[in-house]
Amino acid sequence: MNNPGDGKDKKPSLNFIEAMIERDLKEGRVKEIITRFPPEPNGYLHIGHAKAINLNFSLAEKYNGKCNLRFDDTNPVAEEDEYVQAIKEDIRWLGYEWSGEYFASDYFDRLYEWAVMLIKKGKAYVDDQTAEEIAATRGTPTRPGKESPWRNRSVEENLRLLEGMKNGEFEEGSKVLRAKIDMASPNMHLRDPAMYRIRKVSHHRTGNKWNIYPMYDFAHGQSDYIEGVTHSLCTLEFEVHRPLYDWFLDQILEDPEGYRPRQTEFARLNLNYTVMSKRKLLQLVEEGHVSGWDDPRMPTISGMRRRGYTAAAIRTFSERVGIAKRNNIIDISLLEHCVREDLNKISQRVFAVLDPIKVIITNFPVGEEEEMMAVNNPENPEAGRRPIMFGRELYIEREDFMEDPPKKFFRLGPGRMVRLKYAYIVKCIDYKKDEQGRVQELHCEYIPESRSGSDTSDIKVKGTIHWLPAKHVRTAEIRMYDRLFNNEDPAGHKDRDFKEFLNPDSLRVVENALIEEQFVDAGPLEHFQFERKGYFNVDPDSTPEKPVFNLTVTLRDAWAKIKGK
RNA sequence: UGUCCCAUGGUGUAACUGGCAACACGUCUGAUUUUGGUUCAGAAGAGUCUAGGUUCGAGCCCUAGUGGGACAACCA
């Protein structure tokens, strides 16, 4: 591992984008790598964006280049500053710092000049057809479209009309500026695509300055060009846009042999048991199926942060899913593995009992207590130890007792013994039930010689369970989360709405869980491992009076597998 | 009745200018363990979609087929 002179270490394998970059560098096509992450500020970032963020930023880092943040804000209808702020916060939280912060809207003047230039070159025209007419004459992927009757207006008329569009002289939808390319192209995007549409709405940055706004295709490549982006990485669905990306660049390039940005596509991230489109996530928020964009069940960065995922875990995950061009559906277990891996190293251990039953240690003196020492994090000795008081009355987890346990059940049952972690071995001698037949109380005897650390009893027990002293507990609300959908691919059914697959049990609130008293005032987002249960963190709703914890992910559970068989 | 992209264990990604298919997750054993966690040791699981071709040799190259995906917003 730490022996590089080994000779056995393989060359780290490159993904196809890294291979391309190394080729470009080696062959002198570019001297420095510049990438960019280009979100549209119309929603919150999700785990799929994290993959793109990680790709762009880590590439820049690896090759000593730069990665910019550029907001693709060409459509003011859905875009808001709220989203700009949230996106920046999420990227920073993930641990990345961008070189330049740009907005496509910063380039509106420049883009307009280019549009004028295209008209002068006879490469663009104002079309008076309605959106419906344009759609109807575009043809289909297998049939060519028809040319617009306005396609051959004079340069002067086009110039005057575009100016009029800009000045707000025409109604929304009455005119559009189109590139004059080829209505018979087998690529639909080359059939005279729209460059500008009229939108008399206020823009989150340019206010009411503009009555027309550029389309994505007329803005993206040029924005890359202005910023000096060398590698413009995007997802597979933009593959068919690439010829258009290149076409616009060809029109504006002063030196056709010089610098030009290149678009390269990779497969977006798909995760099973969830949905990843902003539209669908927005729907979940607006229809109240979740509490907001940061609901801990959401695959959004803000949701996952609230759920207790760490930035390190998300970055590791983004790394491990790899980069390729083939469509994929990543198993959620990989994500869960990444969080557990990180949380195991950093989490403070705590005893918490979610569904308590009382235990009376019948041979322990009434009113006495004994201080035991618990390890804070076995993975990190420096985390130290903490005291926990052992007394006559305790609580244990209801599921750690069975009236008639099977042989493989290594916990408590009539006559059985377990180790109470960091304390004594106890033996169950009796139990009481209430009128409904529910187990209510356990009577146990402890083995005085079995004290943790100085055990001379020579008794071997198979099980060790956690517990809480009845006199030193506080109640807490614990929100137990499960997957939001109970179908692997909720959005993958043509005939069924994805919301039909919503998991009705995705949130279970445990109102009166018990927790060691010293942790009730933990700060928001602090991570814990509730021993034998899972990783939890403090929800922002939490107060010292009413602590609230979120289940991030359970521990791996071998017993659950045995039990399930 | 089009154009383009993709095709490797269950999942995801590797295999550098062709040379015995590797890694991770998951699964299953076993050991250790005062968390049925962690850790450790090990196993099973693909002969690389199909058919041709080139080659001494093909997962890598070529052709065709099959399967999957993308494209017909004045969205990005």
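Small disclaimer: the values here were computed from a predicted structure and weren't measured. In the text below, chain A, chain B and the rest are named by the order of the sequence lines, each starting its count at 1. Note: hydrogens, waters and symmetry copies are ignored here, and every other heavy atom, side chains too, is used.
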If you restrict it to nitrogen or oxygen atoms, what contacts under 3.5 Å exist between nucleotides 59-70 of chain B and the protein, and what is each distance?
none

- Who pairs with A/F248 by ring-ring contact (aromatic ring centres under 6.0 Å, His included), at least two apart in sequence or on another chain? A/F218
- Across all chains, not counting sequence neighbours, the salt bridge (charged side-chain N to carboxylate O under 4.0 Å, His left out) partners of A/E399 are A/K533
- Query: Near RNA chain B, which residues from residues 344-353 of chain A have a heavy atom under 4.0 Å away?
  - Reply: A/N344, A/R349
- Check whether any side-chain nitrogen or oxygen of A/R268 sits under 4.0 Å from OP1 or OP2 of B/rC5, and answer yes or no. no
- Looking for any heavy atom pair under 4.0 Å, which part of the strands does A/R340 touch: base, sugar-phosphate only, or nothing? nothing
- Please work out if A/R143 contacts a base, only the sugar-phosphate, or nothing of the nucleic acid, heavy-atom cut-off 4.0 Å. nothing
- Stretch residues 416-426 of chain A: residues that reach within less than 4.0 Å of RNA chain B through a heavy atom: A/R419, A/K421, A/Y422
- For A/P469 and A/L394, which heavy atoms make the closest approach, and how far apart are they? CA-CD2, 4.0 Å
- Task: Using a strict 4.0 Å threshold on nitrogen-to-oxygen distance, state whether A/E227 and A/R36 make a salt bridge.
- Result: no
- Partner residues of A/D192 under the salt bridge (charged side-chain N to carboxylate O under 4.0 Å, His left out) criterion, sequence neighbours left out: A/R151
- Item | Results of ring-ring contact (aromatic ring centres under 6.0 Å, His included) for A/Y125 - residues two or more places apart only | none
- Query: Is it true that the side chains of A/E397 and A/H466 contain a donor and an acceptor less than 3.5 Å apart?
  - Reply: yes
- Item | Results of ring-ring contact (aromatic ring centres under 6.0 Å, His included) for A/F409 - residues two or more places apart only | A/W559
- Could you check which residues of residues 163-179 of chain A get a heavy atom under 4.0 Å from RNA chain B? Sort them by number, please. A/G173
- Task: Go through the structure and list residues passing side-chain contact (heavy atoms from CB on, under 4.5 Å) with A/R242, not counting sequence neighbours.
- Result: A/E239, A/D246, A/Q263, A/E265
- Query: Checking all strands, does A/P39 fall into the base, sugar-phosphate, or nothing category for heavy-atom contacts under 4.0 angstrom?
  - Reply: nothing
- Scan A/T140 against the nucleic acid and name what it touches under 4.0 Å (heavy atoms): base, sugar-phosphate only, or nothing. base
- Select one nucleotide: of B/rA24, B/rU35, B/rC74, the one nearest the side-chain heavy atoms of A/R197. B/rC74
- Cation-pi check, A/K166 onto A/Y112 ring (under 6.0 Å, within 45° of axis): yes
- Query: Under 4.0 angstrom, heavy atoms only, what part of the nucleic acid is A/A131 near: base, sugar-phosphate, or nothing?
  - Reply: base
- Message: Students often get this wrong, so: under 4.0 angstrom with heavy atoms, is A/K408 touching a base, only sugar-phosphate, or nothing?
- Response: base
- Query: Touch check for A/E40, heavy atoms < 4.0 angstrom, all strands: base, sugar-phosphate only, or nothing?
  - Reply: sugar-phosphate
- Task: Could you tell me whether A/Q529 contacts a base, only the sugar-phosphate backbone, or nothing, with contacts defined as non-hydrogen atoms closer than 4.0 Å?
- Result: base
- Do A/D106 and A/R205 meet the salt-bridge criterion of a basic N to acidic O distance under 4.0 Å? yes
- Message: Wobble G-U and Watson-Crick pairs count when both distances are under 3.5 Å; given that, what is the 5' to 3' dot-bracket string of RNA chain B, with | for pairing to other strands?
- Response: .((((((..((((.....[..)))).(((((.......))))).....(((((..]....))))))))))).....
- Message: Looking only at the side chain of A/P186 (C-beta and beyond, no hydrogens), which of the listed nucleotides B/rG12, B/rU3, B/rU13 gets closest?
- Response: B/rU3
- Non-neighbouring partners of A/F71 that pass ring-ring contact (aromatic ring centres under 6.0 Å, His included), sequence neighbours left out: A/F103
- Query: What's the shortest heavy-atom distance between A/M195 and A/A124, and which atoms?
  - Reply: SD-CB, 3.9 Å
- Task: Look at A/E18 together with A/K62 and state whether they make a salt bridge at an N to O cut-off of under 4.0 Å.
- Result: yes
